[in-house]
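Reading through the structure tokens given below for one structure.
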2 protein chains.
Amino acid sequence: MARPRSQGPQTRERILDVALELFIERGYDRTSLRDIAQRLGITKAALYYYFERKEQIFIELHLRLHAIAGVILDEIEAVGDGSERVAAWPAMVSRLIVEMTENRNLMLMHRRNQTALVTLYTNEANLLQHEALEARLDRILSSPAITLEQRVRMAAAIGAVTEVFFDSGSAFDHVPPAELRACLQAVVADLLGTQRAPAPA
Amino acid sequence: MARPRSQGPQTRERILDVALELFIERGYDRTSLRDIAQRLGITKAALYYYFERKEQIFIELHLRLHAIAGVILDEIEAVGDGSERVAAWPAMVSRLIVEMTENRNLMLMHRRNQTALVTLYTNEANLLQHEALEARLDRILSSPAITLEQRVRMAAAIGAVTEVFFDSGSAFDHVPPAELRACLQAVVADLLGTQRAPAPA
DNA sequence: GTCTATATTTCGATAGAC
DNA sequence: GTCTATCGAAATATAGAC
């Protein structure tokens with residue numbers, strides 16, 4: 001036999017892989033099921049054996065990112081909402097750097113299809129999950145137990161990581177990944193660790 | 001007369017305003033010309049009196065952002081590409097904060113329609129302009145005249161601003177804008193000003 | 001300038017053979 | 001599991017009256 005038996009589950013995963021590629025390249029709304037099938041060498045109708053609707057392909061990929069984000073939020077919420085959380089932030093950002101590196105494509109898809117996300121979740125039960133994640137981060141960054149400046153520093157740390165990893169184009173492409181991560185962590189540690197003297201009222 | 005004469009040019013601007021709203025809410029791909037016309041109280045066909053194609057509405061809005069970004073890049077490129085540029089970065093970020101505040105909707109549209117942008121500019125002559133802008137920022141952040149850590153700090157400063165302004169949800173909604181800007185500028189200044197001792201080779 | 005009406009295309013989704 | 005064939009909806013864009 002030229003190919004191994006039972007390619008069913010493998011095909012399903014291949015569909016998700018190809019869809020992820022295309023959702024990144026052209027975006028969800030500009031990717032037709034024909035595009036996905038064509039790149040896989042099958043027909044559009046075959047996709048419906050694995051997925052009921054086009055949305056399900058996107059949602060299934062997106063839920064993988066939800067799971068990762070959920071775990072990170074679990075950890076940071078496990079510590080008290082005051083100075084303990086500020087102290088735990090550098091470790092959280094390190095974790096974020098690891099996850100963003102290992103799940104780069106899922107992150108890219110998420111970042112490039114924000115409007116598709118909003119409209120999809122408007123009609124879905126998953127709306128609850130999705131908004132819940134954002135609300136949890138919001139609540140952390142709104143905690144009255146932490147000074148405004150510290151909360152801004154916490155948000156800035158996240159922004160610093162995402163900017164370097166996803167929005168700086170190819171500016172850091174020629175830097176060895178390990179070196180870039182080390183440098184970024186040093187900068188973030190500095191950003192978070194610096195305590196300014198309380199401003200005079 | 002119930003309304004002033006010659007509403008032509010005003011209508012054109014109203015189309016752009018409504019389109020901007022909808023491109024932010026639902027995204028470019030999920031906004032039909034019928035949606036735009038409906039919100040304006042006119043018909044779909046009337047839009048074609050002002051714009052040749054749907055893309056032109058989006059491109060015209062996007063070019064306004066290009067103009068703003070171009071001016072900022074002009075300024076930062078006007079100073080030498082070494083330590084002078086590092087020294088000029090805090091002022092550049094301040095400028096960025098002002099522009100992002102004053103052009104918040106254009107920024108939101110840009111950030112939420114990244115895939116639409118890519119596919120649009122694939123077939124347009126404006127591709128040159130668009131990629132040129134990104135390339136200019138890339139070149140600045142790739143300058144061999146600046147240490148890696150400083151370049152990471154420069155990128156991180158941009159990320160910090162965009163995170164707080166656009167990605168932190170409503171976490172800072174209850175902070176007076178002026179106070180938030182001041183706090184952000186202090187954090188950024190700290191982020192950029194801190195010079196670490198050169199690491200031992 | 002704005003309308004009605006329509007041409008044309010593309011897409012998601014389904015039916016049914018193999 | 002994958003195919004061919006097709007339906008129905010929605011979108012962009014055009015033609016021409018007013």
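The analysis underlying the following values was restricted to heavy atoms, covering all of them including side chains, and did not include hydrogens, waters or symmetry mates. All chains are named by letter (A, B, ...) in the order of the sequence lines, taking the proteins before the strands, and each is independently numbered beginning at 1.
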With a 4.0 Å limit, can you tell me whether Y50(A) has a side-chain N or O closer than that to the phosphate oxygens OP1/OP2 of dT2(D)? yes
Among dG12(C), dA13(D), dT4(D), which is the nearest nucleotide to the side chain of A45(A)? dT4(D)
Can you figure out which of dT4(D), dT2(D), dC3(C) approaches the side chain of T11(A) most closely? dT2(D)
Lys/Arg-Asp/Glu bridge criterion (N-O < 4.0 Å) met for D81(A), R139(A): no
With a 4.0 Å cut-off on N to O distance, would you call R136(B) and D74(B) a salt bridge? yes
Could you check which of dT2(D), dT14(C), dT12(D) has an atom nearest any side-chain atom of Y48(B)? dT12(D)
How many Å lie between CD on Q38(B) and P on dA11(D), as a whole number? 10 Å
Looking only at side-chain N and O atoms, does Y49(A) come under 4.0 Å of OP1 or OP2 in dG1(D)? yes
note: Q56(B), atom CD; dT12(D), atom C1'; distance rounded to Å ~ 14 Å
Looking at CZ of R26(B) and OG1 of T31(B), how far apart are the two atoms once the value is rounded to the nearest 0.5 Å? 6.0 Å
If you check the K54(B) side chain, which of dG1(D), dC3(C), dA13(D) turns out closest? dA13(D)
Rounded to whole angstrom units, what separation is found between the CG atom of D29(A) and the C1' atom of dG12(C)? 13 Å
Sub-3.5 Å donor-acceptor pair from the side chain of N113(A) to the main-chain atoms of Y28(A), do we have one? yes
More 5' along DNA chain C: D35(A) or E52(A), using each one's nearest nucleotide? D35(A)
Report the distance from atom CG of L120(A) to atom P of dG12(C), rounded to the nearest whole Å. 12 Å
Whole-Å distance, L47(A) CG to dA13(C) P, equals 11 Å
I need the minimum non-hydrogen distance between L47(B) and L33(B), along with the two atoms involved. CD1-O, 3.4 Å
Check this one for me: any side-chain N or O of T43(B) less than 4.0 Å away from OP1 or OP2 of dC3(C)? yes
Provide, to the nearest angstrom, the distance between the CZ atom belonging to R34(A) and the C1' atom belonging to dC3(D). 16 Å
Distance, rounded to the nearest Å, where F51(B) contributes CZ and dT14(D) contributes P: 15 Å
Can you figure out which of dA13(D), dC3(C), dA13(C) approaches the side chain of L33(A) most closely? dA13(C)
Using whole Å, report how far CZ of R53(B) lies from P of dT14(D). 9 Å
